[in-house]
There are 2 protein chains.
Amino acid sequence: MNKRDRHSLIRELVQEQIIEKQEDLVRILMEKGIEVTQATISRDIKELQLIKVPSKSGGYRYNLPPEMNYDTARKLERLLRDAFISIDTQKEFVLIKTQPGNAFALGAIIDSADYEEVFGTISGDDTVLIICKGEEEALYMQRRIIAFI
Amino acid sequence: MNKRDRHSLIRELVQEQIIEKQEDLVRILMEKGIEVTQATISRDIKELQLIKVPSKSGGYRYNLPPEMNYDTARKLERLLRDAFISIDTQKEFVLIKTQPGNAFALGAIIDSADYEEVFGTISGDDTVLIICKGEEEALYMQRRIIAFI
DNA sequence: CCTAAAGAAGCATAAATATACATATCTTTT
DNA sequence: AAAAGATATGTATATTTATGCTTCTTTAGG
């Protein structure tokens, strides 16, 4: 079990069950035969940007980081519906073609959404180039963007 | 300075500046002449459901709680646009009239959104009664719901 | 006005979390 | 393949956060 796999397992776990503290994750992973210490989990949580949310019922629960806020999502959705032409990936790059004059706005929204997977964007008049942190991330970003259309 | 005022001040502070830890709030409030201990801040944070978000830059930052997620908001928006008839408040109650058969779904979404201001909901066939925690909260909920339409 | 009950907050401390440092492991370069 | 660098993780511990218990304050009821 490498770090990457552990991370995605942790993401699943916090969605599926109520993780009240880091030791819960240590215990659950232990039960699955994965030995890690609380220190590692603390670092994982930091990297995954998981948040500890006080719940109404009085306890606490670790959660995935907040998604893009509603307004931003609405803007992105509208813009894509209006101006999207095509999307493609190559290596760690995602290239989006838009109607002329719309790419800059699209790039700005993607920037403001502050995706973990994105290294940076460059926007021209009708093209946004998203530079992701890796190939896998590029594919993931492509999927996310397509989901908006 | 009572608890309510301190709470709204804390909400402002976490938006305006980077609060890395609870002691930061203790210090800032102290500078404003408000004496509280870390214990109180811990309880405030729990009540306000503030979250400690690991930031990209390596540190941590307290933030307001995540808004309703995008999917929930979308569902709520669609349902309101399709089925909304009227909304009104009286005291701590908000009464929403919908097309027959839609109130239950609406109530369920409002429940799942887990609004801080809401005490509970009761849904019939074409009516949702939202019981808020007070009059002020009811007016706030009314505004929020109208904003969706 | 008095008393009981509820709410708020301090103090002390327990519990949880983050991190400096050391070590091990994996990667890249020569 | 050895050396050098980067990455990952454990150990021990410092730092941060939550909470039991107590006291003080406010509110509600008689």
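Throughout, protein chains are lettered first and strands after them, A, B, ... in sequence-line order, and every chain is numbered starting at 1.
- Side-chain N/O atoms of B:K46 include one lying less than 4.0 angstrom from OP1 or OP2 on D:dT19.
- Between the CD1 atom of B:I45 and the P atom of D:dT16 there is a distance of 13 Å, rounded to whole Å.
- What separates CG of A:D24 from P of C:dA16 is a distance of 9 Å, to the nearest Å.
- Checking C:dA18, C:dA8, D:dT17 against every side-chain atom of B:K21, the shortest atom distance belongs to D:dT17.
- Put simply, the residue from B:I131, B:V94, B:I130 that forms a side-chain contact (heavy atoms from CB on, under 4.5 Å) with B:V118 is B:I130.
- If you measure from atom CG of A:N2 to atom P of D:dA6, you get 21 Å, rounded to the nearest angstrom.
- Between the side chain of B:Q38 and the base of D:dA18, at least one donor-acceptor pair of N or O atoms lies under 3.5 Å.
- Residue-level contact check: A:T40 touches the backbone only, with heavy atoms under 4.0 Å from sugar-phosphate atoms and none from bases.
- Checking D:dT19, C:dA18, C:dG10 against the side-chain heavy atoms of A:Y60 singles out D:dT19 as nearest.
- Using a 4.5 Å heavy-atom threshold, the side chains of A:T40 and A:R6 count as touching.
- A donor-acceptor pair is defined here as one N or O able to donate and one able to accept, closer than 3.5 Å; no such pair exists between the side chain of A:D126 and the backbone of A:T98.
- Shown here is A:F84, whose CZ atom has more than 12 heavy atoms of other residues, nucleotides or ligands within 6.0 Å.
- Going from atom CD1 of A:I51 over to atom C1' of C:dT17 covers 16 Å, rounded to whole Å.
- Mapped onto DNA chain C by nearest heavy atom, B:T37 and B:G58 fall at different nucleotides, with B:T37 at the one closer to the 5' end.
- Here the options are B:N63, B:V53, B:L50, the test is side-chain contact (heavy atoms from CB on, under 4.5 Å), and the partner is A:I51; only B:V53 passes.
- The listed nucleotides are D:dT19, D:dT16, D:dT9; the one nearest the side chain of B:R43 is D:dT19.
- If you take CD1 of A:I10 and C1' of D:dT9, they are 13 Å apart, rounded to a whole angstrom.
- Here the nucleotide nearest the side chain of A:Q22, chosen from C:dC11, C:dA18, D:dG10, is C:dA18.
- Taking only side-chain nitrogens and oxygens, B:S42 never comes nearer than 4.0 Å to OP1 or OP2 of D:dT17.
- Regarding contacts with the backbone of D:dT17, a side-chain N or O of B:Y62 is found under 4.0 angstrom from either OP1 or OP2.
- Residue B:E23 contributes atom CD, which lies 8 Å from atom P of D:dT17 at whole-angstrom precision.
- Residue contacts shown for A:R6 are limited to sugar-phosphate atoms, with no base heavy atom under 4.0 Å away.
- Put simply, CD on B:Q49 is 16 Å from C1' on D:dA18, counting in whole angstrom units.
- DNA chain D is contacted by both A:A39 and A:E47; A:E47 maps to the nucleotide lying nearer its 5′ end (nearest heavy atom per residue).
- Between B:L50 atom CG and D:dA18 atom P there is a gap of 10 Å when expressed in whole angstrom units.
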